[in-house]
Amino acid sequence: MGPVRTPPPAVLAAVEAAAMGLGEVSLTPRVGCLLPSGPGSRLLQLPRGVADSRAGRAAGSKQDLEGWSEALSAAVAALRAGGLVAVPTDTLYGVACSACCSAALGAVYSLKGRCQTKPLAVCLGRVADIYRYCQVKVPRDLLEDLLPGPVTLVMERSGELNKDLNPFTPEFQDLWPQLSLVIDGGPIGDVKSPECRLGSTVVDLSVPGKYRIIRPGCALTQTAAILQKKYGLVPSEPCS
């Protein structure tokens, strides 16, 4: 199973939920899932109120809401068509695709020059969805304490996850011609803090009673404190 995350912004959560094939969309890979062959990508800039939206507050103006709605609709359409979309997260910008489209998954690996033995992260709209795609061996409250946030969890996959997803377990404008859509959310995180570019903290929770830090990331201290002090988990190896 690859890493699992839940994003903080409600709009991007909806995009990622659509990408996973939740709700009305079946997880079965679509026969008509074809990669776009257009000349290049479309660029959408999120409204200035994006910072407030990431913090859980609604965008202030009608124009802001319309901007978020346009980004959401465009992203969902691109993902359902098998396209690749560049999106801001709570840590770094990332390239997203539909986890139920095998062709799009292959395109992500090709685009990033990534070895297929290195898993892709799965973004879900709700903590409850983790139980559908993963074998959860920790309390629900623990998941609620860590997510949403700059944390990526590693668990064993369930049978419902697309078998073509993880079968083996600076800005990027040079990639834009190969993307269907780029959503510009501006600088992410506290740009004055060196930790803002570290990405999410990746934690392996596949062994009951233990945790293993795979990547320290930007939330190591608070994540380790929650796991140890509140839930009594012990590190399976020293944190680095």
Report summary line: The reported gap from OG1 in T152 to CD1 in I214 (rounded to nearest 0.5 angstrom) is 9.5 Å

Query raised in the report: In Å, rounded to the nearest 0.5 Å, how long is the span from CG of L161 to CD of E156?
Result: 13.0 Å

Query raised in the report: So, T201 side chain and P216 main chain: donor-acceptor pair closer than 3.5 Å or not?
Result: yes

Requested in this report: Side-chain contact test, heavy atoms from C-beta onward, threshold under 4.5 Å: evaluate it for V203 versus L146 and give yes or no.
Outcome: no

Query raised in the report: Hey, does the side chain of D64 reach the backbone of P47 with a donor-acceptor pair shorter than 3.5 angstrom?
Result: no

**Report entry** Under 3.5 Å donor-acceptor, S69 side chain and L65 backbone
**Finding:** no

Query raised in the report: Between E70 and R42, is there a side-chain N and carboxylate O pair less than 4.0 Å apart?
Result: yes

Report summary line: NZ (K137) and CG (L142) are apart, to the nearest 0.5 Å, by 14.5 Å

Requested in this report: Tell me yes or no: between the side chains of S206 and R212, is some donor less than 3.5 Å from an acceptor?
Outcome: no

**Report entry** S200 side chain to V202 backbone, donor-acceptor under 3.5 Å
**Finding:** no

Requested in this report: May I ask you to say whether D129 pairs ionically with R132, meaning some side-chain N is under 4.0 Å from a carboxylate O?
Outcome: no

Query raised in the report: So, for K210 and L233, which heavy atoms are closest and what is the spacing to 0.1 Å?
Result: O-CD2, 3.7 Å

Query - Side-chain donor-acceptor contact under 3.5 Å, Y231 with D145 - result: yes

Query raised in the report: Hey, is CD on Q135 packed in by over 12 heavy atoms from elsewhere, all under 6.0 Å?
Result: yes

